[in-house]
Amino acid sequence: MTRDKTYNFSAGPSVLPDEVLHRAGKEISNYGGSGMSVMEMSHRSSVFQEIFDSVKVKLKSALSVPDSHEILFLQGGASLQFSMVPMNLMGENGSADYAVTGHFSNVAAREAKKYGTVNISASSEAEGHTYIPSQSQLVLDPGASYFYYCSNNTIYGTEWKYVPETGDVPLVCDMSSNILSKPIDVSKYGIIFAGAQKNMAPAGLTVVIIDKSLAGRELPYTPLMMGYKLMIDKDSMYNTPPCWNIYILSLVLDWLEEQGGVAGMEVLKSQKAAFVYDFLDNSRLFRSSVRPDSRSDMNITFHTGDPDLDAVFAKEAAARGLLNLKGHRLAGGLRASIYNAQPMEGVVALVEFMKEFEVRHHV
Ligand SMILES: *Cc1c(COP(=O)(O)O)cnc(C)c1O
């Protein structure tokens, strides 16, 4: 069945490129003449090892990951990193700085309190997480074990437009919903992590990029599977890695390369986001939910001001094949997630429908 008439705006798991799904479909029962599906082969086989090695090379190249950093393919979702980060980096009697700019960084900060002292460097909670604090608003402790932030707030639709300056304090960043959308300077980070299901692959894979000098400091009771050092030493294969997801990531990275890599994605995502925000800024019905300087290019949150009308919009849009536009229950309103694999045509179709809806419902 084709899906020519639908566009999926889901925040995650989210749209994957058509080319990737078609290729995976073709190779599903016989990968590369092996007579097996990637789902069926041993993770220790040479066929899989080749996939594994190549996806690391592709990701290293796509994000220009320096040799000082290791790429890990883990499980447990981005959420397991909320525990793994403090367990590995907090140290005995340590403290860490957290910027709370949304739901996921809030959960991460609360989790970290189990393992040490957490200083809230900034919080946007009082204003409903509608903005990103500026560098000068961050209260930083030069003695902190690390500084933690979430670069794109999937639920509220805000995005950091700068990399925080923290001196010698390592930066830890949850990039689940904007990784691979633009070039980044990986050398500035101690740890970058991302659940794959937003911009990389199906759910079940978590990518961690870690400065190797930070590994090996885990608290003594850290579960075996949650130590970065072990995973680095075993090249993410202490146990069975999520083989199928790693394979899909490989196909996504091939697709990304064909689109001009992260530089190509940056151009495209800026065009797509500007198209929607320009419409919102001139609309008589719809409004952006966040402060203009903090708007996310990946998750666009908006509303009509009337929750019932928002619901009608999401329902009518779905009937037109514009899927999953309802906002997250914590933020309300509407949300269009326009990750890398969302084509410009999807964004144009969305705005066309918004215009039509506006004419019908404008009072
Ligand atoms: C989706 C998301 C998470 C949670 O990811 P899981 O893989 O479901 O644990 C965490 N952080 C951000 C920014 C997200 O978008």
Side-chain angles (χ1 to χ4, degrees), residues 8-16 72-87 98-112 122-125 129-133 146-161 163-164 171-182 184 189 191-209 223 225-226 231 236 241-242 244-246 248-249 252 269 273 289-290 294-301 324 326-331 335-342:
N8 180 7
F9 295 92
S10 169
S14 46
V15 62
L16 285 163
L72 300 175
F73 298 122
L74 307 180
Q75 301 185 57
S79 301
L80 191 68
Q81 296 306 308
F82 300 165
S83 322
M84 210 161 153
V85 164
M87 278 186 156
Y98 276 71
V100 173
T101 56
H103 171 69
F104 294 113
S105 45
N106 189 30
V107 176
R110 273 190 280 135
E111 178 65 8
S123 171
S124 52
E125 194 168 359
H129 297 306
T130 51
Y131 73 99
I132 298 296
Y146 58 93
F147 172 89
Y148 181 104
Y149 76 113
C150 175
S151 57
N152 186 73
N153 297 288
T154 322
I155 293 174
Y156 294 95
T158 58
E159 187 169 11
W160 291 65
K161 307 291 177 187
V163 179
L171 278 180
V172 174
C173 186
D174 177 357
M175 287 193 193
S176 294
S177 50
N178 67 350
I179 196 164
L180 296 178
S181 71
K182 60 185 174 186
I184 46 170
Y189 293 89
I191 291 180
I192 291 167
F193 67 86
Q197 69 274 23
K198 314 288 164 63
N199 231 355
M200 292 195 285
L205 168 67
T206 309
V207 170
V208 173
I209 304 173
M225 287 292 297
M226 289 173 68
M231 286 302 174
S236 304
W244 173 258
N245 307 56
I246 291 169
I248 298 290
L249 175 56
V252 168
K269 66 124 186 172
S289 304
V290 301
S294 305
R295 291 168 167 178
S296 167
D297 285 349
M298 294 282 109
N299 310 97
I300 299 183
T301 49
N324 296 312
K326 187 175 181 290
H328 190 277
R329 69 194 149 73
L330 290 174
R335 171 175 57 175
S337 296
I338 51 171
Y339 297 119
N340 286 353
Q342 182 66 251

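None of the values given here were measured: they were computed from a predicted structure. Just follow the structure's listing: the first ligand is 1, and inside any ligand the first atom is 1. The first residue in the sequence is number 1, and the count goes up from there.
- How far OH of Y339 is from CZ of F9: 12.5 Å, rounded to the nearest 0.5 Å.
- Distances between N or O atoms of N152 and those of ligand 1 include no value under 3.5 Å.
- Counting atoms of ligand 1 from 1 in the listed order, those under 4.0 Å from a heavy atom of T154 are 12 (C), 13 (C), 14 (C), 15 (O).
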**Message:** Checking N8 against N324 for the side chain to side chain donor-acceptor pair (under 3.5 Å) test, could you report, in this order, the C-alpha distance in whole Å, the side-chain angles of both residues, the deciding distance, and whether it holds?
**Reply:** CA-CA 6 Å; N8 180 7; N324 296 312; 2.8 Å; yes
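- With ligand atoms numbered from 1 in the order given, ligand 1 contributes 5 (O), 6 (P), 7 (O), 8 (O) to contacts under 4.0 Å with heavy atoms of Q197.
- The shortest separation from a heavy atom of C150 to ligand 1 is under 4.0 Å, placing the residue in contact.
- Neither the backbone nor the side chain of N153 comes within 4.0 Å of ligand 1, counting heavy atoms alone.
- By the criterion of a heavy-atom distance under 4.0 Å, neither the backbone nor the side chain of A11 is placed next to ligand 1.
- Ligand 1 places these atoms under 4.0 Å from at least one heavy atom of G77: 7 (O), 9 (O).
- In this structure, M175 falls outside the shell of residues with a heavy atom less than 4.0 angstrom from ligand 1.
- Cation-pi geometry between K161 and Y131 is not met: the NZ or CZ atom fails to fall both under 6.0 Å from the ring centre and inside 45° of the normal.
- Every residue two or more places apart in sequence or in another chain was checked for a salt bridge (Lys or Arg N to Asp or Glu O under 4.0 Å) with D174, and none qualifies.
- If you check each of A78, G195, G102 against atom 6 (P) of ligand 1, the one with the closest non-hydrogen atom is A78.
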